[in-house]
There are 2 protein chains.
Amino acid sequence: MSFTYEYPRPALTVDCVVFGVDEGGLKILLIERDIEPFAGRWALPGGHVHIDEEIEDAARRELEEETGVDKLFLEQLYTFGAVDRDPRGRVVTVAYYALVRLADHRVRAATDARDAAWFAADALPPLAFDHAKIVEVARARLRGKVRYEPIGFELLPRKFTLSQLQRLYEIVLERPLDKRNFRKKILAMELLVELDEHETGVAHRAARLYRFDERRYRRLVRQGFNFEI
Amino acid sequence: MSFTYEYPRPALTVDCVVFGVDEGGLKILLIERDIEPFAGRWALPGGHVHIDEEIEDAARRELEEETGVDKLFLEQLYTFGAVDRDPRGRVVTVAYYALVRLADHRVRAATDARDAAWFAADALPPLAFDHAKIVEVARARLRGKVRYEPIGFELLPRKFTLSQLQRLYEIVLERPLDKRNFRKKILAMELLVELDEHETGVAHRAARLYRFDERRYRRLVRQGFNFEI
DNA sequence: AGTATTAGTGTCGTTTTCACACTAAGAAGC
DNA sequence: GCTTCTTAGTGTGAAAACGACACTAATACT
């Protein structure tokens, strides 16, 4: 079957920059390409948008297919369409970025035999196409966004300690934060619920666990509250 | 001539939300459609991306063709691709927003007989396709952006008074600002050059003119300076 | 019992923000 | 040329936010 148009049309794809955080810092999920061009290179998960499919749905589908990652924070990043970005012809890609709880998605082999792996964000291998550029834009967006919106929680386990949260912010913002000031500020926002639980299995005083209260967050958003860190 | 592909492809277009400001407030440039669908309705200027053309170049070309507006601040906004957004079939549009000095682009008839006109941003006529949605996203982005980056100058004449600048911010941010605090803050950024000129033709004390110093701005950007209003 | 490691907590000086009201200058009308 | 009208232009003080800073508490391990 084939499809014919009066004027030439670019192919439309999606690509996803999937962020995770662990003790080692910020991680990005990549898959190894098994076909030309760039066979054997690492690339962002992504693929073609079906003709009857919402663009964001295509991004979720590709993530699910290639990496088993589902139900995550996903937001449109930017559309990249440089004429020469794909040697096969004009391909325009709508890039998304996603945040996942790394613990829930540890090492996942891809379903279709392609290798998927997490890489440290500042030690990525050479990437296919213009994906290095896309990653740069995504990192800048994450930095900017985390500063003003509490999206960092998407990267942590559902129950977390304040120290984990602070480390997360330090990793994303790439600067150290003062412990006391950080705790004061984050607790003052009243977005966290103090749980009656503490972490376990640590060789030191166990820290209290908190969870993010999404309902309270949404209420505060409606009131125009400011979540700047 | 025709073009054939193995899989169906969406058409790719650009649409532009062009902002201007005058005494009456925030304005948006619209064109009247002369063909179906939505013939006779107002719509955002835009059109198809040529196969060998950068997406942003397409946006500039369409603006130039349809409205005679050129050399302006133009930034990608978001990509809209809802399956049913165009009754003719799948059309994905990369939306841009632009800022122009209204005085330089007063009432321009379009070159191809389509009517172009400025409308008050909060009294727009019914728009074609999902353009009302695109406008909403663009207004939110403008509000957010102007808060943290000095892009407002793109909307003013090259020489302007502090009162004009303040009115601009009040219009975009949709809230009143204190005169003294505003002046203190904006002058402290050292982005403005005080000129040895004053406005003329006003029935009251003439205000001093200023201009935006773009070189100084770029230098401060490199130093990570914060331009929050 | 001692050691090692991270959790958890308060104060104070500095800076930033915000509210607020009068005089200065020029044009227009008389 | 005096008055009136209108907008330009300017400083202070109180309150809030920010940022630097150091010790005790709890637990696991030896």
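None of these values were measured; they are calculated from a predicted model. Throughout, protein chains are lettered first and strands after them, A, B, ... in sequence-line order, and every chain is numbered starting at 1.
A/Q166 places its CD atom 13 Å from the P atom of C/dT6, with the value rounded to the nearest Å. Atom NE2 of A/H204 and atom P of D/dA26 are 15 Å apart (whole Å). Separating the CD atom of B/E199 from the C1' atom of D/dT7 is a distance of 8 Å, rounded to the nearest angstrom. In this entry the distance linking CG of A/N181 with C1' of C/dT15 reads 14 Å, nearest Å. If you take CZ of A/R147 and C1' of D/dC18, they are 12 Å apart, rounded to a whole angstrom. Remark: P of D/dC18 and CD of A/E228 are 7 Å apart, rounded to the nearest angstrom. Rounded to whole Å, atom P of C/dG26 lies 11 Å from atom CZ of B/R208. A straight line from CG of A/L177 to P of D/dA17 spans 19 Å, rounded to a whole angstrom.
Atom CZ of B/R158 has 12 or fewer heavy atoms from other residues, nucleotides or ligands within 6.0 Å.
Regarding contacts with the backbone of D/dT7, every side-chain N or O of B/S163 stays at 4.0 angstrom or more from both OP1 and OP2. The side chain of A/K184 contributes no N or O atom lying less than 4.0 Å from OP1 or OP2 of C/dG10. A sub-4.0 Å separation between OP1 or OP2 of C/dA27 and a side-chain N or O of B/R205 is absent. Contact between the side-chain N/O atoms of A/K185 and the OP1/OP2 oxygens of D/dC18 is found at a separation under 4.0 Å. Not one side-chain nitrogen or oxygen of A/R180 sits closer than 4.0 Å to the OP1 or OP2 atom of D/dA20.
With a 4.5 Å cut-off on side-chain heavy atoms, B/T79 and B/T93 do not count as touching.
Residues B/R85 and B/F80 share a closest heavy-atom pair of CD-O, 3.7 Å. Between A/Y97 and A/K145 the shortest heavy-atom distance is OH-CD, 3.6 Å.
In this structure, A/F153 and A/F160 have tilted ring planes: the angle between them lies in the 30° to 60° band.
Distance from the side chain of A/A203 is smallest for D/dC29 among the nucleotides C/dA7, D/dC29, C/dA25.
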